[in-house]
Every structure is written in C-alpha cells, then in structure tokens.
Protein chains: 2
Amino acid sequence: MTTDAYLADCRARLAFDLLSNTWNAVLIWALREGPRRPGELRETIGGISPKVLTQTLRRLEFNGLVKRHAYAEVPPRVEYELTTLGRTLLTPIDTFGAWAFEHGDEVMAAQERHDG
Amino acid sequence: MTTDAYLADCRARLAFDLLSNTWNAVLIWALREGPRRPGELRETIGGISPKVLTQTLRRLEFNGLVKRHAYAEVPPRVEYELTTLGRTLLTPIDTFGAWAFEHGDEVMAAQERHDG
DNA sequence: CAGCATCCCGGCAGATACTG
DNA sequence: CAGTATCTGCCGGGATGCTG
C-alpha cells in the first residue's frame, strides 16, 4: 500500500472523480491503440449517443487526458487521441478490469441475494 | 493488458460502477484495518454526513463488499467490516491512489489551463 | 449513537431536433 | 459527419429534524 491515508480531502479522490462517470473509462480504453474518430468510437462502443460521446470527450480533454485534433475538411473530420497523461491511466484501468473479470460473479450474486 | 475488450456492456464496467460514488472507495479504504463503528468512520474521514455514511455503507453491504454487525446494547452499537470480497478491492484502489499521488498535479494543472 | 424521513439541489445521461 | 441546444428523468449527495 503506497497511500497511508484516504480521507475526504485526500488526493486519491482525484483519480476516482476522473472515472466516476459512465463513459470516461470506457472511452480511455477505446482510445488505447491510437487516435479515433467519433464515428469509430460510437461503432465500437455501442450504446452511447453522439451528444454524450462529445460531452464525455470534452470532459476528458478538460482534464488533460485526451487531445482533440480538428481538420478543416468537408465533410469535417475530427480525431481524439490519448495524451501522455491519459495513457498512464491504462494500467490502473486494466487493474480494475481484471478485478471485475475475477470477482464480477460474486458481486452479482450478492446483489441478487439482497434482492429477495 | 488482461481485458481484450471494453465496450458498453463489458463486465469491466461493473468495477467502475462499484466505485463511481463519492464515498465508496473512501469507506472501503477506511475499513482496511478491521471493523469500524460509524462514529469512528465519520471522525477519521471527515466531511461526510451521518445519513450519507449509512446510505453508502448499506450500498456496499448490498454489493457484498461490507458486512454489518449490530449488537443489542444501550446505547446501540454497530460495526461494519470488509468481507473477503471487499478486501480484494484494496489493491486496485491503492493502484489508483498511487496514480493520483503521481499524476494529480498534472490533472489539476490541465484543469486550470482550460479555465482561463 | 445509529438510523430513518423529508426536502432540495446539481450533474450525468438519454432523446430529439437542428446547424455548419 | 461533428457538434450544439433543449428538455427530461434519475440518482447521489447535503441539510435538517425526529425516533428507538
């Protein structure tokens, strides 16, 4: 354990706030192999509306995790790419993915148990 | 990277949903060393209201991450404790804590940059 | 002390329609 | 195709007061 405290105003909170949205982690992961266009992202992810996609990407851009590239063409072309900082989140995200892969069943079982 | 895909309906979403609340990760971390009473938790964490504390603990209990022990005493005494499943989340949480410790400044710098 | 009931607020997300 | 504007609903979070 590297963090000795974890309180209300702890800096560690920052990392969770970054991924506390429905799509943030999904988009970072979808961008892991390089620049992608919004259309591509919508197709590969599925279930995300164009508005929410833009909204989420801009939020990531605001936090310095994603860089936006706009090309003056017709029809317009835009690409989003992970920044160096954004790329450093891939490993932590994968840690949680691995956890879910291993323990997801237990969580769902507990949920169903408390339903009845 | 252990997860090959990360889409809208991916199981990895489960892990982020678990920690997508303001206090979930904070409470798990605060319980890492053993059972704690609500009063203790409020004191060590700070900035969380009694209602939200109970609300969050019950949510964790629902997901099988925390166990609640109630003792029939006067005044009433209650303790919350991490389950085996809940304890498996400590390492992933610490991964993010370490990330925030290392990259928190960069995120805050990016935020302030996009403000002006 | 632990916890519930109530009311309120803000942000995320979804659906839809429209602009360049 | 990319993005915006608007409206809507929902849930988490906070404040307050009351009960056992």
Nearest-angstrom distance from the residue atom CG of L53(A) to P of dG3(D): 8 Å
E79(A) with R77(A): basic N within carboxylate O range, under 4.0 Å: yes
dA2(C) phosphate, OP1 or OP2, under 4.0 Å from R68(B) side-chain N/O: no
Nearest-angstrom distance from the residue atom CD of E40(B) to P of dA2(C): 9 Å
Protein-nucleotide distance (L41(B), atom CG; dG3(C), atom C1'), rounded to Å: 15 Å
Touch class at under 4.0 angstrom, heavy-atom based, for Y80(A) against every strand present: sugar-phosphate
Protein proximity profile, nucleotides 6-20 of chain D - base contact B, sugar-phosphate-only contact S, no contact -, cut-off 4.0 Å on heavy atoms: B-----SBBB----B
Pair R113(A)-F62(B), side chain to side chain contact (heavy atoms under 4.5 Å, CB included): steps then yes or no: CA-CA 8 Å; R113(A) 193 181 317 131; F62(B) 179 85; over 6 Å; no
Distance in angstrom units between R58(B) CZ and dG3(C) C1', rounded: 7 Å
Contact under 4.0 Å: R42(B) side-chain N or O vs dC1(C) OP1/OP2: no
Test side-chain hydrogen bond (donor to acceptor under 3.5 Å, both in side chains) applied to E81(A) and H69(A), R68(A), K67(A), R36(A), the passing residue: H69(A)
CZ on R32(B) to CG on L27(B), rounded to 0.5 Å: 12.0 Å
Value in whole Å for how far the P atom of dT4(D) lies from CG of L57(A): 11 Å
Separation of dG3(C) C1' from Y71(B) OH (nearest whole Å): 18 Å
Reported OG1-to-CG distance for the pair T83(A) and L65(A), which is rounded to 0.5 angstrom: 5.5 Å
Touch class at under 4.0 angstrom, heavy-atom based, for R37(A) against every strand present: sugar-phosphate
Length of the CD1-P vector between I45(A) and dG14(C), whole Å: 12 Å
Geometric cation-pi criterion, R13(B) with W23(A): 6.0 Å, 45°: yes
Interatomic distance where CZ belongs to R36(A) and P belongs to dC1(D) [whole Å]: 17 Å
Parallel, tilted or perpendicular, as decided by the 30° and 60° cut-offs, for the rings of F96(B) and F96(A): tilted
